[in-house]
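Note that the coordinates shown come from a computational prediction; the quantities given were computed from them, not determined experimentally. Proteins come first, then strands; the chains are lettered A, B, ... in the order of their sequence lines, and each starts at number 1.
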2 protein chains.
Amino acid sequence: MNLLRNDALEGAQARRRAQIPDATVARLPLYLRALSELADRGVTTCSSEHVATAAGVSSANVRKDLSHLGSYGTRGVGYDVHQLRDRIAETIGQTQNWKVIIVGAGHLGSALAAYQGFGTRGITIAAVVDEDPALVGSTLGPNTIESVDNLAALVKEHNILIGIIATPPAGAQPVADQLVAAGVTSILNFAPTLVHVPDGVDVRQVDVAVELQILAYHEQRKASSADSGGDE
Amino acid sequence: MNLLRNDALEGAQARRRAQIPDATVARLPLYLRALSELADRGVTTCSSEHVATAAGVSSANVRKDLSHLGSYGTRGVGYDVHQLRDRIAETIGQTQNWKVIIVGAGHLGSALAAYQGFGTRGITIAAVVDEDPALVGSTLGPNTIESVDNLAALVKEHNILIGIIATPPAGAQPVADQLVAAGVTSILNFAPTLVHVPDGVDVRQVDVAVELQILAYHEQRKASSADSGGDE
DNA sequence: AGGAGTTAGAGAACCCGTTCACAAAATCGT
DNA sequence: ACGATTTTGTGAACGGGTTCTCTAACTCCT
């Protein structure tokens, strides 16, 4: 892991290929969004402080993050908005359009399919499938709901690498297996269940109830510290 | 911060009031879910290893987390499923029912309002509001969509402390301001925008596009490491 | 031209969280 | 009764990430 592969060779290339820390990767889309807004407003130059306030992080954090992608700002001036935006877009792969398949066309699947704003972030809903025959055939924005039986065929046809699971919990694991078997290597799972996947497949979990439970915990703390003399 | 306030006094009380690390808090709902499933299956005892595999973390991590809430397992045996479940439920405040308001009854708001599975986690959708007069009055499961003008009244009437923003980006900040003004102190924001709130108000951000962008980054890495001789 | 002010970039210090390793406490079998 | 085995709880080591601090480089004003 820490092996130093002839990095005297060339800094830029090494940087390009270097692993960017997860925490940084998670923030790059935020910076990208902020920079796009600045660009739309005609701003041509910005400081790390600008980006920081727009993204809700510290300016030091922004600079450290940007240093990972070897981006060149100019000292005393700041960053060129367009250049930095393009650099980040390139880094996180927004130069290409990623096709995703949504499995499950219930309320959540429909909401995701209808979501405006994937387009501007390099994401296209290429297919929506459901196991309910009653839903197959109905349209969802630009998409037509297809049978889950066609999952593998659709994934291959459209070269889909990313799948979204929007099924009830019980369906999540079988669906994940099907997605992986069809060639999907990244999964965004909205079902409140842990899905097991082979090595090399990434899974990200979004659980709304968990988010609310976390908020509830903090609410409870606020309440209890309020009536017995706040301990903070 | 590191001040030791007469902690010889009593360990349990001190523990109860002690700050539980954020990372732990985020995992407690997962443990709770796992334990509830075990309890439903009639399992009465479990090891940290059980919980760990069910929640997708390491057993050491589980033990460390549980140690923060002073939970008593028995060495050589494990944890009592019911007792541990109750202890966690109590810790994260699931003994009471938290009422939430959903602002924005578009696709996403509707999906959230229809979501089964809040109920079992101590969460109730007490109100759904939207600014579109055309939507006001229609029913969404057990709820009727009301005008956003009633936001403050509803929050107060139901003693709501948690708000969910499911509006387009432009509406997020004004809505957040209204929620805060009405007395809400925790916000779950689905709009892809940073919302500013006063101290004491918690905000959690859920951005589906960002999640997909993170996956896309990793996909890109997989692809590039595949064709130029994997560097990992 | 030179000084004052601004800002990126990088190294160091610090903090938080995870993993490791082990001792203490329980059960079970003999 | 006692040793073997299991499993918790915890202190220590480790690693990643954030913040701090300082230097270098650029602009603007005089």
Side-chain angles (χ1 to χ4, degrees), chain A residues 1-3 7 11-12 14-15 18-28 30-31 34-35 38 43-81 83-85 87-88 214 232, chain B residues 1-4 7 11-12 14-15 18-28 30-31 35 38 43-81 83-84 87-88 91 214 232:
Chain A
M1 201 48 140
N2 234 342
L3 53 96
D7 52 5
R15 268 211 199 93
Q19 175 74 272
I20 296 175
D22 287 345
T24 296
V25 171
R27 280 186 296 266
L28 289 179
L30 306 183
Y31 301 158
L35 288 164
L38 289 174
V43 179
T44 61
T45 261
C46 67
S47 67
S48 61
E49 190 63 39
H50 274 119
V51 180
T53 54
V57 300
S58 76
S59 62
N61 211 335
V62 169
R63 290 198 298 276
K64 178 67 68 159
D65 284 340
L66 295 183
S67 75
H68 287 296
L69 33 111
S71 99
Y72 296 148
T74 25
R75 303 183 174 192
V77 180
Y79 301 91
D80 178 278
V81 171
Q83 181 188 328
L84 184 56
R85 184 194 54 183
R87 187 77 187 79
I88 295 178
I214 294 171
E232 187 167 45
Chain B
M1 200 49 140
N2 235 343
L3 55 96
L4 38 139
D7 51 4
R15 269 211 199 91
Q19 174 76 270
I20 296 176
D22 286 344
T24 296
V25 170
R27 279 187 296 266
L28 290 179
L30 305 182
Y31 302 158
L35 288 164
L38 288 174
V43 179
T44 61
T45 259
C46 67
S47 66
S48 61
E49 189 65 38
H50 274 118
V51 180
T53 54
V57 300
S58 76
S59 62
N61 211 335
V62 169
R63 291 198 299 276
K64 177 69 69 166
D65 284 340
L66 295 184
S67 75
H68 287 295
L69 33 112
S71 101
Y72 296 148
T74 33
R75 304 184 172 196
V77 179
Y79 301 91
D80 179 277
V81 171
Q83 181 188 327
L84 183 57
R87 187 77 187 81
I88 295 178
T91 303
I214 294 171
E232 184 164 49

### Task
Figure out the CG/P separation between A:D80 and D:dC26, and round it to whole Å.
15 Å
#### Entry: Worked verdict on B:H50 versus B:V43 for side-chain contact (heavy atoms from CB on, under 4.5 Å)
CA-CA 11 Å; B:H50 274 118; B:V43 179; over 6 Å; no
### Task
Measure the distance from NE2 on B:H50 to P on D:dT7 and round it to the nearest whole Å.
8 Å
### Query
Say you draw a straight line from CG of A:L84 to CG of A:L69; how long is it, rounded to the nearest 0.5 Å?
7.5 Å
### Contact state string [nucleotides 19-30 of chain C, B base, S sugar-phosphate only, - no protein heavy atom under 4.0 Å]
B-B--BBSS---
### Query
Rounded to whole angstrom units, what separation is found between the CG atom of A:L69 and the P atom of C:dG9?
10 Å
### Query
A:Y31 and A:V57: which non-hydrogen atoms are nearest, and at how many Å?
OH-CG2, 3.7 Å
### Summary
Rounded to whole Å, CG of A:D22 lies from C1' of C:dC16 at a distance of 16 Å
### Task
Could you tell me whether the phosphate oxygens of D:dT8, OP1 or OP2, come under 4.0 Å of any side-chain nitrogen or oxygen in B:S48?
yes
### Summary
Taken in chain and number order and not counting sequence neighbours, the residues that satisfy salt bridge (charged side-chain N to carboxylate O under 4.0 Å, His left out) with A:R63 are none
### Message
Looking at A:Y79, I'd like to know whether one of its side-chain N or O atoms comes within less than 4.0 Å of OP1 or OP2 on D:dC26.
### Response
no
### Query
Between CG of B:L28 and CD1 of A:I214, what distance do you get to the nearest 0.5 Å?
9.0 Å
### Task
Considering non-hydrogen atoms only, spot the tightest contact between B:V51 and B:C46 and give its length.
CG2-SG, 3.8 Å
### Query
In whole angstroms, how far is the P atom of C:dG9 from the CZ atom of A:R87?
12 Å
### Task
Look at A:Y72 and C:dT7 and indicate whether a side-chain polar atom (N or O) is within less than 4.0 Å of OP1 or OP2.
no
### Euclidean distance, atom NE2 of residue B:H68 to atom P of D:dT10 [Å, nearest integer]
10 Å
### Message
For B:D80, give me all partners under side chain to side chain donor-acceptor pair (under 3.5 Å), at least two apart in sequence or on another chain.
### Response
none
### Query
Just how far, in rounded Å, is C1' of C:dA8 from CD of A:Q83?
13 Å
### Message
Expressed as a whole number of angstroms, how long is the span from A:L84:CG to C:dG9:C1'?
### Response
14 Å
